[in-house]
Number of protein chains: 2
Amino acid sequence: MDETAPPTRRTGSGRGRASGRVGIRDVARDAGVSVATVSRVLADDGYPVSEASRRKVLESVARLNFVPNDLARGLSQDRTNTVGVIVPNLANLYYARVLLGVEEVAAQNGMSIIFCNTNHNLANRERDIKLLLQKRVDGIIICGSGTDYENSAGRLADGPAPFVVLGRNEKLDYPAVHADNRRAGYTATRHLVDLGHTRIAFLTGPERWSDGNDRVAGYKACLADHGLDFDPDLLIRCDFAEQDAYERMTQRGHAGMGFSACLAGNDRIALGAMAAAIDLGLRVPEDLAFVGFDNIATSLYMRPSLTTMDMPAQRMGAEGMRLMLRILAGEAVPSRTVFDAALLVRQSSGGLR
Amino acid sequence: MDETAPPTRRTGSGRGRASGRVGIRDVARDAGVSVATVSRVLADDGYPVSEASRRKVLESVARLNFVPNDLARGLSQDRTNTVGVIVPNLANLYYARVLLGVEEVAAQNGMSIIFCNTNHNLANRERDIKLLLQKRVDGIIICGSGTDYENSAGRLADGPAPFVVLGRNEKLDYPAVHADNRRAGYTATRHLVDLGHTRIAFLTGPERWSDGNDRVAGYKACLADHGLDFDPDLLIRCDFAEQDAYERMTQRGHAGMGFSACLAGNDRIALGAMAAAIDLGLRVPEDLAFVGFDNIATSLYMRPSLTTMDMPAQRMGAEGMRLMLRILAGEAVPSRTVFDAALLVRQSSGGLR
DNA sequence: AGCGCTATAGTAACCCGTTACTGTAGCGGT
DNA sequence: ACCGCTACAGTAACGGGTTACTATAGCGCT
């Protein structure tokens, strides 16, 4: 009985966790077929399987409560049906809507998404990308425009995962989906000019925020087209949220406002600024008119309601995911997909007369 | 030379994709050590590795640009360092903040999260759970209270993944983190009673929404404690968002309001209702006072600002993830973790005199 | 010289679904 | 009878990191 099996056949070696989970081999044994047959039934591709086998397999799957292991599947197919989505700050409803759009299309196509929040921090983003690549996501969708992350190189990773950028980012050399912010800025300004305003302030976000910069560029262009001077004193910077805008506007009020209308870099800024104006005893829009950007859900229901540029966040997110799917399918996609923003005239600009 | 190698030795069989990716074996070859040594250097657990080997391995890893494959890691360790998070509707900032809290703690602990949005739909949730289990997440965090999903059984899956519930849900027999909504409802009502109101309406969400039901329960208890009758006519139902609340309130206004104060199931409902009241020509808070729940970001900056119960969404999300980590570490955790809500008195209730 | 330890390495068997290859019936055609 | 096909089914080699087990060298003691 001097067995000559290769070296020394171990019993429960390697990692050797019991696991308890039923695998495809258990199903095969239970159904009295081979693992290949089980796999084929589950894959349900064209491969011919007799009805008898199929039925036996499905019965065993149900009886044993078999749940296929996507890790193993991913390992052998080199596909995880998962994409990573990196967002700067989910507390901003704009990004929540972008994520929602991505998720919607992903779910419709059987894809899962791993979500990362960077807090506008470059180091976090790099950590997240590394993590996502380790997890072998099929692709990565990066949200957050431009110089939001200043040091970004042209390529984030040479890895095999395709990237899609949501937001304008010239430094990032990947297919991008973004709104025409310059045009939106122009349209918003034009609306105020048409209402007769000549001294129009722009309360925008940090300089590294390229969506904001584009909106400002449109604002300047519109002023120029209408023979109005751009006064640097009317370009006021604050951060992305209500509080800072409120404070800036309050200071400004005490120093003598010097303008009759105010564009805000986004609706949250508009909200803070408008609250400040009201608290200063100004009437909106009679004494000071406001226009925001984004059309967050609440902007329609505040009083006065906020005139705003509707940036199609959810649609952009959805389109980004659609692009990703096409890239994964091997199709060529446009390097730029630009959405137009719509002006929603409401009470805060006084344009409803 | 009649080789007696087992059967017939194939060359590139199995799936046989080239892959091109560098693996741990390439690193081992390059560094002149075994795969075990590479794995140990990367794991950096206690196992002794000589400095010389460690250096060689790290050099090769850098030179070859090696990215470990978490699928393979997960497969052999039966651990993915990933949890699934299921949320009913990300467009509600409340849930966005919950997700943010979860993400924050997850990131701090090297965990990733797979995000799913159900749109308050039970079938979607079941699909998502199945998907997450296939992906072998280490655990699942379910957000969305109670009978939000009516048919939920006591156990969602017998699988090995632990669940944590964010929100009160008696039908779901898992560790839960939720706010004391009954108490919050009581506190909010008490605030209005203290201000002298005797006819107080409650504009709440759908009946299946248990957080809302708990708030209503607190409202009723408070009325009773203060000798006020509960008038079913003052319990008005609408859905979760602004628009429906606006419409209900407008109808009501035309029919004769019949109350001097209004609690809203959440801030979005409050926003819609308040806009309706203002549009009806009522003064807030003089003619009609409002109190909301959630303390979404905009509630502080609308005018009048919204008195609301601050539900600590982000902290609850964070706590839920912390619980999950402890469960994964094998610790026992409390089956109920209850957070208290704080009353934030602002302009809409008239409590700021 | 011999024994026991510790420090370090290496080998190869896992984890589990997929799929390239290799059969083997059964059937029509000649 | 024999060839060629099609329809089905089974075997086993992947993919890539982990780790149980085995092995060797170096060192302190007796």
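Note that the structure is predicted; figures quoted are calculated from it, not measured. Residue numbering restarts at 1 for every chain, and letters A, B, ... go by the order of the sequence lines.
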Tell me which residues in residues 52-60 of chain A lie within less than 4.0 Å of DNA chain D, going by non-hydrogen atoms. A/S53

Which nucleotide in D/dG17, C/dC16, C/dT8 has an atom nearest any side-chain atom of B/N69: D/dG17

Tell whether B/R21 reaches the base of D/dG16 with its side chain through a donor-acceptor pair below 3.5 angstrom. no

Before giving the answer on salt bridge (Lys or Arg N to Asp or Glu O under 4.0 Å), spell out for A/D30 and A/R63 the whole-Å C-alpha distance, their side-chain angles and the decisive distance to 0.1 Å. CA-CA 9 Å; A/D30 186 80; A/R63 173 171 39 250; 3.0 Å; yes

Quick one, which residues of residues 31-46 of chain B touch DNA chain C with a heavy atom under 4.0 Å? B/V33, B/S34, B/V35, B/A36, B/T37, B/R40

Do side-chain atoms of B/D26 reach the backbone of B/V22 as a donor and acceptor pair under 3.5 angstrom? no

Considering only D/dC21, D/dG16, D/dA9, which nucleotide approaches the side chain of A/S50 most closely? D/dA9

For the side chain of B/S76, counting heavy atoms from C-beta on, which of C/dA9, D/dG16, C/dG17 is nearest? D/dG16

If we check side chain to side chain contact (heavy atoms under 4.5 Å, CB included) with A/C116, which of these qualifies: A/V87, A/L132, A/L90, A/I142? A/L132

From the list A/E103, A/E104, A/E319, side chain to side chain donor-acceptor pair (under 3.5 Å) partner of A/Q314 resolves to A/E104

Between the side chains of B/N81 and B/R79, does any donor sit under 3.5 Å from an acceptor? yes

Going from CD1 on A/I114 to CD1 on B/I114, what distance comes out if it is rounded to the nearest 0.5 angstrom? 4.5 Å

Hey, is the main chain of B/N124 close enough, under 3.5 Å, to the side chain of B/N121 for a donor-acceptor pair? yes

So for B/Y47 and C/dA9, does any side-chain atom that can act as donor or acceptor lie under 3.5 Å from a complementary atom in the base? yes

Among B/Q134, B/K135, B/R136, side chain to side chain contact (heavy atoms under 4.5 Å, CB included) partner for A/N69: B/R136

Hey, does the side-chain of B/R73 have a donor or acceptor N/O within less than 3.5 Å of a partner on the base of D/dG16? no

